[in-house]
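Worksheet for the structure shown next.
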Amino acid sequence: MIPAPTIEYGLLLPFILIFAGGCAGVLVEALVPRHLRRTVQLFLTFLVIALALVVTVLNWSSTSDTVAGVEAIAMDGPTYFIWTILLVFAAVSFLLFAERRLESASAFTPQASSVPGTAAEREAIAARVEHTEIFPLALFALSGMMLFPASNDLITMFVALEILSLPLYLLCGLARRRRLLSQEAALKYFMLGALSSAFFIYGAALLYGYSGSFRLSAIDEALRSGSQGAGLLLAGMGLLGIGLLFKFGAVPFHSWTPDVYTGAPTPVTAFMAACTKIAAIGALMRVFYVALGADRWDWQPVMAVVAIATMALGSILAITQTDVKRMLAYSSIAHAGFIMTAFVGASQAATQNPAGSLTSVSSVMFYLVAYGAATIGAFGLVTMVRDASGEATLLTSWVGLARRSPLAAVVFSIFMLSFAGIPLTSGFIGKWAVFASAWTGGPHWLVVVAVVISVVAAFFYIRVIVMMFFAEPAEARTEVVRPGWTTLVVVGVGVVATVAFGVYPGPLLELAQHAGEFVR
Amino acid sequence: MSFPWLSLLAALPAVGAVVLIATPVRLAKHVALAFSVVTLLVAVLLGLSYRTGGGMQFVEQVRWIKPLGAYYALGLDGIGLTLVLLVVIVTPVVIAATWAEFDHLPDAGAVRTGGDLPPRYDSRVFFALVLVVETCALYLFLATDVFLFYVFFEVILIPMYFLIGGFGPGARRTYAAAKFLIFGLLGGFVMLASVIGLYVLSARAGEPSYLLSSLSQLSIGTGTGRWLFVGFMFAFAIKAPLVPLHTWLPDAAQESSPGGATMMVGVMDKIGTFGMIRFCLGLFPEASQWATPVVLVLAVISILYGAILAIGSRDIMRFIAFTSISHFGFIVLGIFAFTTQSLVGSTLYMLNHGLSTAALFLAAGFLIRRRGSRSIAAFGGVQRVAPVLAGLLLFAGLSTLSLPGLSSFVSEFMVLAGTFSRHPVYAVVSTLAIVLAALYILIMYQRTMTGDLQPGNEQLPDATGRERLSMAPLVVLIIVLGVFPKPLLAVIEPAVQATMSHVGVTDPQPRVNAEGGR
């Protein structure tokens, strides 16, 4: 007889709450009358996020690192930290989803099933139909993002990958304006995403062949005991890496990023840019540090090359962009590269990290907070700059913005300075932290390359500031529309976090340090 | 810890900048001047209670970012005091000299005489930016923590960038501002690599700390030390432009308003040479000596190259920028000659160069504002219609060419004499620049002020009472420090001797008297 497994429901409660919230949202769609649905969905969404956040923090402060759910889920410091920031950033970006004042409608299409430009679509618009399904979809994606970096075995990780991806593919295609572009983005994301999932599962299968287990710690044991079959190991590692790097948006698996970021509704872009990156780098580090850490010498050089290519390509291509959202997409690629420098450094207790100094995990955590705050804030501001056809994302229409709306220009400049890594913004501390842990872990030359590329990256952020402040506006068709309070809160949170963690990052850094290392 | 005087000093201008935003435009200049004068008074007060030879004083130290080992740590030594005085003196002068320049924002698209571009923002913004630059500069000269220094080293670029790009009258101001920023960021990020390297070293040695006092106890290996030194030196050589890295300065100065250029060349660029003394010599004594041959050659090239290009300049602002490159060459020469006399001379040189460049930029600014042109050829015979203005320009020029009796003579002599005792060849070659300096100043004066009155200059009004008053402090200080530099030298010398003994060099024999300049 097989005994029933024990599941630590208390520890997994945050994840369960979010997932159950998504399921309840589906029921709301079926049962609640249309005019109440939006209110109920909003209430439900923010309620489960708030509860999950409270439970996460309570669990974090009361329990020690452990493995839960039949060794499928690792509940350790990094998991708690990632869950906390995921929940906070998700809540903030869902506030953008709730915005309705900018166009007296939300950013989402009223009826996704209608063909763009048809009578059916016009009817739906006239009837003020809304897809309130976006909230349960977003919650499902969020639950996948929470599971992904917490997975302790490759199968759970694969399931999480699919849970997080599928709702996102859908959400990307729901833009109200420029629907064809949005649908194209969704299809592209889906095709490439499915392909990368295939790589991931193939890699997982090969690693199973090598070690006889999907569990990360079992793979590690097999590695340390020197199992036969280096070919299986290397091939599996490579394929798995491709699947993870795709989600993270690293070169050469980045090509979906600009199209998807541009085509998706801007609130979804903000959510993806901040939260998917968090989940993906969390999973990447867990797999490579926990399962494949003993084989660092094999993957570090490859990952260093990927990091350099990602930083360089993201920064250089960003210079040539003419669209704000596209530029931010390339900027997110560049940041993925900067984050990867710390990942490559692999500065941990296992690699003789000097006591008291920053580990790779904690510096990446800090960077994610800095980057996420500025990203969501920046995309929030993008939704406010408009002309007759909706969001004015062409950079040329941002020219001279400081004349018309100095406050918006100053706020956007703060985000740009943070991205560029200028001190007194959180972006600088983040950059400092990832470079420091890269250096501690070994490859100094990677830091030198990274600082030089930072100058290139700074150049295109500064270029946006130049456009807003120093270029003469050709025509004044764009204006900054006053949004509802939700968007203002998003931008406000972004600015406050960017400046506060730039001037006084000590407590957050200590928290990240306290998060410690992955459980094995 | 007693009252945080240094924090008060450094933060006052920033408070002023915040107040300015809430001030009506017509009161902006008064508020700005009031704040800069109060800052000056605080600095003078601190200077009077400074104990000569007491090392770091008025020390403040608070843990700032624990995991990074960064402290909010300030302290004042003789070298720092000299530069703090420069900052607090020049800022009110710049504000007074600029006074009403940006009072009236012309209509968008309007073109002023001579094809100059109008300022982009009103005077509030200008004065606020000047005050922010002052705050950053003060923090830089007071910081005793490498991380704190680095933060302001980068931050100062932003207000300066807006001063150039927003208020410069030149047609290429946006380009010049961007070039300035890119060079600054390049230096800053390369320095970041070295700053991180220091963290890693101090973390390996125990608890990470960015305090100068704990970093200088660190045993840094020869190879590592040299690499880290190169990172710092690269950034400082961009700031205090040494020749291959200088190209941003002429452009930025040419496109700036005179007030902005004064803050940039007179105040901000001193960070470079100050940083060389405090950080390159202070943290990497071995590497500093290792790099000396290269640095000295670059310094001598800067001295001569700047002087020669100054002779050929057709634009007054650009001309002043090239003279500054030559002078920065002297300062660097004095630092890396490693004699007490030359190091004291270099420190004093920073102050004197700040004062005389400010005088030159501002006097030139008065002329440019009247004539609406920055071209040397547009002037001629001006001293007939505006004798006081011509006199001011001549005085500033004579101070720049180090006329005996004026302050720059003392410092230039000390640098050359000190350098001669160790590196006679470099000193002799650099002496050529004294002749060139006389040449470029007098040629400039001759072309603009003497001779026949050029058309367009007939109606040039002479200096107003406000303009004379704003220049008066500079003139008085240049004369007083030229005749009686002893109190200041007494303040600088102990700090320099401490640096020298830290580097581990002694003066070569026979030694020239350190006060031989008088």
Side-chain angles (χ1 to χ4, degrees), chain A residues 347 353-358 362-363 366 400 402-403 406 413 417 420-425 428-429 431-441 444 447-459 462-463 465-466 469-473 502-513, chain B residues 63-70 72 108-109 117 120-121 125 136 147-148 150-158 161-162 164-166 168 173-175 177-178 181-209 224 227 231:
Chain A
S347 150
N353 184 52
S357 71
L358 284 174
S362 49
S363 65
F366 187 90
R403 279 279 164 78
S413 305
L417 292 178
I422 305 293
L424 298 185
T425 61
F428 164 67
I429 306 283
K431 221 166 220 163
W432 185 97
V434 290
F435 292 170
S437 56
W439 186 310
T440 315
H444 322 143
V447 176
V448 175
V449 174
V451 294
V452 173
I453 297 177
S454 296
V455 181
V456 180
F459 176 76
I462 302 299
R463 205 175 62 117
I465 298 180
V466 170
F469 282 90
F470 290 166
E472 297 299 327
V503 176
Y504 197 63
L508 183 66
L509 268 172
E510 278 174 55
L511 195 67
Q513 240 179 345
Chain B
R63 220 179 234 294
W64 177 24
I65 311 170
K66 188 159 176 277
L68 272 56
Y72 176 84
L117 297 176
R120 294 183 205 267
Y121 311 103
V125 180
C136 295
F147 193 83
L148 187 67
Y150 180 77
V151 164
F152 284 100
F153 189 80
E154 289 269 78
V155 166
I156 198 171
L157 296 172
I158 306 296
Y161 167 74
F162 280 96
I164 300 170
R173 60 184 174 187
T174 305
Y175 163 79
L181 192 61
I182 297 296
F183 266 83
L185 286 178
L186 179 67
F189 279 124
V190 170
M191 184 170 151
L192 177 63
S194 286
V195 170
I196 288 172
L198 279 178
Y199 163 84
V200 174
L201 287 177
S202 89
R204 283 196 187 135
E207 202 189 348
S209 161
T224 320
W227 278 111

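All values reported here derive from a predicted model rather than from experimental measurement. Each chain gets a letter, A, B and so on, in the order its sequence line appears, and its residues count up from 1.
- The side-chain heavy atoms of B/I65 and A/I429, taken from C-beta on, include a pair separated by under 4.5 Å.
- Taking the six-membered ring where the residue is Trp, the centroids of B/Y161 and A/F470 are separated by under 6.0 Å.
- Shown here are the side chain to side chain donor-acceptor pair (under 3.5 Å) partners of A/S413, two or more places apart in sequence or in another chain: there are none.
- Residue B/F189 comes nearest to A/K431 through the heavy atom pair CE2-CD, 4.5 Å, listed as atom of the first residue, atom of the second, then distance.
- In terms of heavy-atom proximity, B/V155 sits nearest to A/P423 at CG2-O, 3.6 Å.
- Here the shortest heavy-atom pairing between B/Y199 and A/L358 reads OH-N, 3.0 Å.
- If you look at B/F147 and A/F428, their ring centroids are closer than 6.0 Å.
- Summarising the geometry of A/V503 relative to B/W64, their closest heavy-atom pair is O-NE1, 2.7 Å, with the distance given to 0.1 Å.
- B/L185 places a side-chain heavy atom less than 4.5 Å from the side chain of A/I422.
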Does the pair A/V451 and B/I196 meet the rule for a side-chain contact (heavy atoms from CB on, under 4.5 Å), with working shown? CA-CA 11 Å; A/V451 294; B/I196 288 172; 5.9 Å; no
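- Once rounded to the nearest 0.5 Å, the distance linking NZ of B/K66 with CG of A/L509 reads 11.5 Å.
- No part of B/F153 comes within reach of chain A, as not one of its non-hydrogen atoms sits under 4.5 angstrom from that chain.
- Between chain A and the options B/G166, B/G197, B/A70, the largest number of non-hydrogen pairs under 4.5 Å is found for B/G197.
- In this structure, chain A has a heavy atom under 4.5 Å from the side chain of B/I158, while its backbone stays farther away.
- Residues B/Y175 and A/V466 are not in side-chain contact: their nearest non-hydrogen atoms beyond the backbone lie 4.5 Å or more apart.
- A search for side chain to side chain donor-acceptor pair (under 3.5 Å) contacts involving A/W432 returns B/Y210, not counting sequence neighbours.
- In this structure, the portion of A/A420 lying under 4.5 Å from any heavy atom of chain B is its backbone and not its side chain.
- Separation of atoms CG (B/L198) and CH2 (A/W439) is listed at 8.5 Å; rounding is to 0.5 Å.
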